[in-house]
Amino acid sequence: MFLVKLLVVAIVALFLPFVAPWYSPFIACFIIGIILSNKPGNNFLAGFLGVGLVWLGYTLWLDIRNQHYLSSRIAQLFSNSLQTDISYGLLILITFLLGALLGGLSTMAGAMLVDDGSRKRLRKAVKSGSYRLKLK
Amino acid sequence: MIKKISGAVIALITATMVFFLNKPIGSIPALGMFLSPSHGFWKNTAHQDMRSATLEIQCPQGKATVVYDEIGVPHIFADNEEDLMFAQGYVVAHDRLWQMEFQMHAAAGRLTELVGEKALNLDRFARRIGIVRAAENSLIALEKDPLSKKIVDAFTSGVNAYIDQLKPADLPLEYKLIGYQPEHWTPLKSALLMKYMAKDLTYHDADIENTNALRLFGQENYAKMFPDFPPPAIDPIIPVGTKWGFKSVDSFQTKKNTAQLTAQLYQNPMKHLYANPHYGSNNWAVNGSKTKSGKPILCGDPHLSLNLPSIWYEMQLSCPGMNVYGVTIPGAPGIIIGHNEHIAWSVTNSSRDVINNYSVEYQDAGRKAYKLGDTYVPFTYDVQTFKIRNGKDFIDSIRMTKIGSIVYDERFGETDDRKHIATYWRAEEPSNELMTFYYLNRAKNHQDYLAALDYFSCPGQNFVYADAENNIAIRQQGNFMLRTSTADGVFVQPLASVDVTKLKARIPNAQNPYILNPERGFCSSANQHPTDGTYPYAISGEYENYRNRVINSELTKMSGLTWEQMGQLQNNNLSLLAQEVLPSMLSYLPETLDESSQKLVKALKAWNYNADAPLEAPSYFYIWWDYVEKTAYDEMDNKNTSLRIPEAYVTATLLKNDPGFDLFDIMVTDTVETAKEVTQAAFRKTVAYFNEYEAGNKPATWQMVKNTRLTHLAMLDVFSQQEVNIGGNKNIVNATSDKWGASWRMIVDFSNGKPQCYGVYPGGQSGHPGSPLFTEFVDKWAKGEYYKLHFFTSKEEAIAAFKK
């Protein structure tokens with residue numbers, strides 16, 4: 001179940017932003033959380049790793065192909081305006097943590113909002129087609 | 001239940017985080033968006049590199065094919081000129097959209113919309129001097145001609161087609177950093193960019209400074225500092241002694257200028273926003289008598305402010321009836337400097353004075369009307385609204401007279417009514433410069449070239465020309481005023497005395513300085529005087545006296561030329577200033593000197609006068625020369641009265657030949673100083689400067705002391721380049737000083753049938769800082785090397801050359 005959830009989160013995190021804003025995966029995570037589980041800790045980890053790893057992988061793929069050319073300059077830009085020493089490695093880490101944290105929290109929140117009984121009923125209803133998800 | 005509540009709280013917290021991460025705070029971009037790999041800056045590393053790629057663009061009538069070569073230069077092939085212009089707009093926007101828009105914002109006085117209140121003075125200045133009015137007048141002329149309207153409309157649609165398909169994730173980096181969206185392009189925006197160039201090349205007027213200098217220093221000193229033709233000799237564009245064969249058409253000559261001067265000393269509070277008069281350029285063409293192949297070679301290197309992205313974008317444009325290669329200003333249709341199969345051309349600035357300033361006499365303290373002739377005329381008003389980011393709109397009401405606007409008044413920099421000045425700027429006259437490039441791009445011979453030039457009004461330019469039939473030519477082209485004397489339009493004069501008809505009258509194009517196939521075998525220009533004193537019209541401007549003489553003496557000496565030798569000349573670092581003045585400066589020094597002084601003198605005596613990057617002597621010389629100017633012209637350091645220092649050539653001549661010149665006296669001392677004491681005092685400061693400099697553990701090489709830098713247009717240091725390893729300086733053929741220099745170097749060699757072109761510029765084809773192409777040409781440019789450029793005769797040839 002955990003792996004399925006992680007996979008669903010990851011797929012959403014990867015493809016949804018092609019057609020929707022950067023934060024769209026987190027709305028999706030919240031909904032996935034409602035549907036797929038009730039264990040907040042388990043959910044958090046799935047969201048954390050699902051979004052985090054996608055962001056990390058995508059970032060690394062872009063950045064390595066670019067030979068850190070742009071990221072080191074952006075790191076310098078942040079270093080200058082914040083008067084601290086920021087490297088491109090730290091930028092990658094922050095990017096990973098940002099995606100992971102928001103992914104984890106939103107998946108967890110979804111799970112916590114719906115209790116076990118109502119979730120079972122919901123699943124049943126969705127399965128039988130008598131209930132339509134209204135997503136907002 | 002508790003679980004549900006905490007779930008809701010977490011959801012709320014997460015949503016709040018996302019909300020704030022999606023908003024820019026101060027100068028920090030929206031961090032969530034900016035860091036996300038899908039929409040943030042990471043994405044700006046991915047899609048920008050068009051090297052050796054092929055692109056098909058759906059145009060209004062058919063398809064255009066774009067073949068990018070190995071350095072990212074697009075070669076565009078279309079079936080008709082409208083599709084070609086559409087594709088040009090699309091392709092330029094692809095590489096340079098942010099630059100086009102940002103420069104347009106600067107031209108239109110709209111930077112406050114992007115960066116807030118801090119740009120307000122800059123914006124107000126741009127609108128007060130009339131860049132927008134000039135562009136609007138130009139647009140009327142442009143839309144009156146169905147041909148130019150068709151061209152600029154097609155170009156505009158191409159830019160907008162690119163903008164419309166652009167997803168938020170793919171916005172150029174600067175939009176994400178500053179936090180705004182591109183707007184649709186319009187023909188007015190292209191006109192604004194052309195007028196922005198006109199401002200950069202003509203708005204270096206010195207009427208205010210001249211008036212002050214004449215009043216403060218007297219006629220005799222003024223004539224020494226700002227002579228019409230500085231002694232001992234000038235080397236004009238049209239060789240001395242050339243016969244003109246026509247008489248002046250000036251029917252106003254009887255109305256001799258009585259040089260009625262105003263009684264004020266003026267301030268020029270926004271002088272720092274004026275163009276720099278030292279922006280210059282070189283161009284020359286040699287005919288077959290001078291070359292190894294017996295065919296002509298044409299060279300051009302326009303000098304401009306050094307920025308990233310570079311001011312120029314390189315491309316080939318091809319459709320039935322036209323095949324042209326060269327550089328364009330992103331945002332303008334066509335090619336500005338380049339060549340086709342038949343001809344080649346390049347431009348330098350004419351440096352002619354096209355601005356007149358007039359002191360305003362108000363009817364009364366209400367400042368509602370001004371005196372013109374014997375009557376009072378009510379002002380009209382140009383009301384301009386400035387949208388300010390994170391602030392309230394600002395409204396500026398600009399007083400307009402019949403000849404132009406009042407730039408400085410009680411609302412902008414000048415509280416004293418008696419010092420309000422109305423400005424006439426030739427760039428505000430309607431003109432359609434784009435047609436010059438339209439016809440040059442298609443020109444087959446020198447008649448076509450002359451006809452194309454007739455459209456060009458402002459800024460006045462020296463168009464050098466060469467063709468495959470071994471003709472060379474140069475013409476100074478512009479809509480130039482009739483001046484009754486060299487003092488006419490050089491000082492602030494009473495507005496009441498203006499004859500508006502005379503002011504708008506012009507020298508006919510056919511009587512502009514022009515020469516075809518001169519005997520000496522070459523044509524050249526480097527912002528010097530266009531002619532000697534025999535030209536039938538009075539001319540005023542700020543002129544170069546060094547680069548021109550180096551170029552002309554080299555070209556006179558040379559024969560059997562190849563393109564490589566022409567490249568060496570473009571990169572020539574000889575400081576003729578140093579060669580002519582340094583021996584005198586050294587002779588003024590005392591016999592005995594301390595150790596650190598001796599070190600400098602030794603290096604300077606051993607110097608070959610080449611301002612090469614790794615040498616220390618040029619650092620010593622130029623710092624010393626700066627101190628000589630500052631010490632000699634201590635009178636000019638005046639907070640309330642704007643003044644300007646003379647050209648280096650004039651100061652150097654005075655230093656050698658007129659050591660007792662009045663202004664050499666240093667004001668704060670009781671003794672009378674001459675050139676000798678000035679030079680010595682400046683030398684002591686130089687020694688102190690380098691003692692301190694060397695304590696900083698940086699080598700005193702010319703590269704480091706000069707610090708040539710390519711500055712990002714939005715002043716983002718991390719995308720700028722510092723301490724570029726290149727020699728040269730102002731007044732040197734390789735005119736690369738700290739912030740300006742050769743913005744494009746081009747050599748077109750007609751040696752074998754079709755023209756071979758070599759070129760380089762300080763930047764790269766891509767305007768995206770995330771692309772390796774952003775600064776790709778810089779090293780080669782600094783080394784004085786060139787790319788061999790591809791000039792394809794057909795689409796098939798281009799595709800075959802760059803098939804991946």
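What you are looking at is a predicted structure, and each value in this text was computed from that prediction instead of being measured. Per chain, numbering begins at 1; letters A, B, ... match sequence-line order. Computed from heavy atoms alone, side chains included, the values below leave out hydrogens, waters and symmetry copies.
Of all non-hydrogen atoms in A/L98 and B/L31, the two that sit nearest each other are CD2-O, 4.5 Å. The two residues B/F719 and A/R73 make their nearest non-hydrogen contact at CE2-CB, 3.8 Å. A/N66 and B/P772 make their closest contact through ND2-CD, 4.5 Å (heavy atoms, listed as atom of the first residue, atom of the second, distance). Of all non-hydrogen atoms in B/P769 and A/Y69, the two that sit nearest each other are O-CE2, 3.1 Å. When all heavy atoms are compared, the tightest approach of B/S6 to A/M112 is OG-CE, 3.6 Å.
Per-residue heavy-atom pair counts under 4.5 Å with chain B were compared for A/A109, A/G99, A/S79, and the maximum is reached by A/A109. Most heavy-atom pairs under 4.5 Å with chain A: of the set B/P168, B/S38, B/G32, this distinction falls to B/G32. For the set A/I74, A/L102, A/L82, the count of heavy-atom pairs under 4.5 angstrom toward chain B peaks at A/I74.
A/L105 touches chain B through backbone and side chain together, each having a heavy atom under 4.5 Å away. For B/M33, the parts lying under 4.5 angstrom from a heavy atom of chain A are both the backbone and the side chain. For chain B, the nearby parts of A/T59 are the backbone and the side chain; heavy atoms of each come within less than 4.5 Å. For A/A75, no part sits under 4.5 Å from any heavy atom of chain B, backbone or side chain. With a 4.5 angstrom heavy-atom cutoff, A/P25 does not touch chain B via any of its atoms. Proximity to chain A (any heavy atom under 4.5 Å) is restricted, for B/L177, to the side chain, taken from C-beta onward. There is no contact between B/L12 and chain A, counting heavy-atom distances below 4.5 Å.
Within residues 86-96 of chain A, the residues having any heavy atom under 4.5 Å from a heavy atom of chain B are, by residue number, A/L91, A/I92, A/I94, A/T95. Proximity to chain B among residues 45-58 of chain A is limited to A/W55, A/Y58, judged by heavy-atom separations below 4.5 angstrom. Heavy-atom neighbours of chain A within the stretch residues 774-781 of chain B, taken at a separation under 4.5 angstrom, comprise B/F774, B/T775.
Taking 4.5 Å as the limit, every side-chain heavy atom of B/I10 sits out of range of all side-chain heavy atoms of A/F30.
Annotation: side chain to side chain contact (heavy atoms under 4.5 Å, CB included) contacts of A/V4 (sequence neighbours excluded): A/V8.
Within 6.0 Å of CD on B/E723 lie more than 12 heavy atoms contributed by other residues, nucleotides or ligands.
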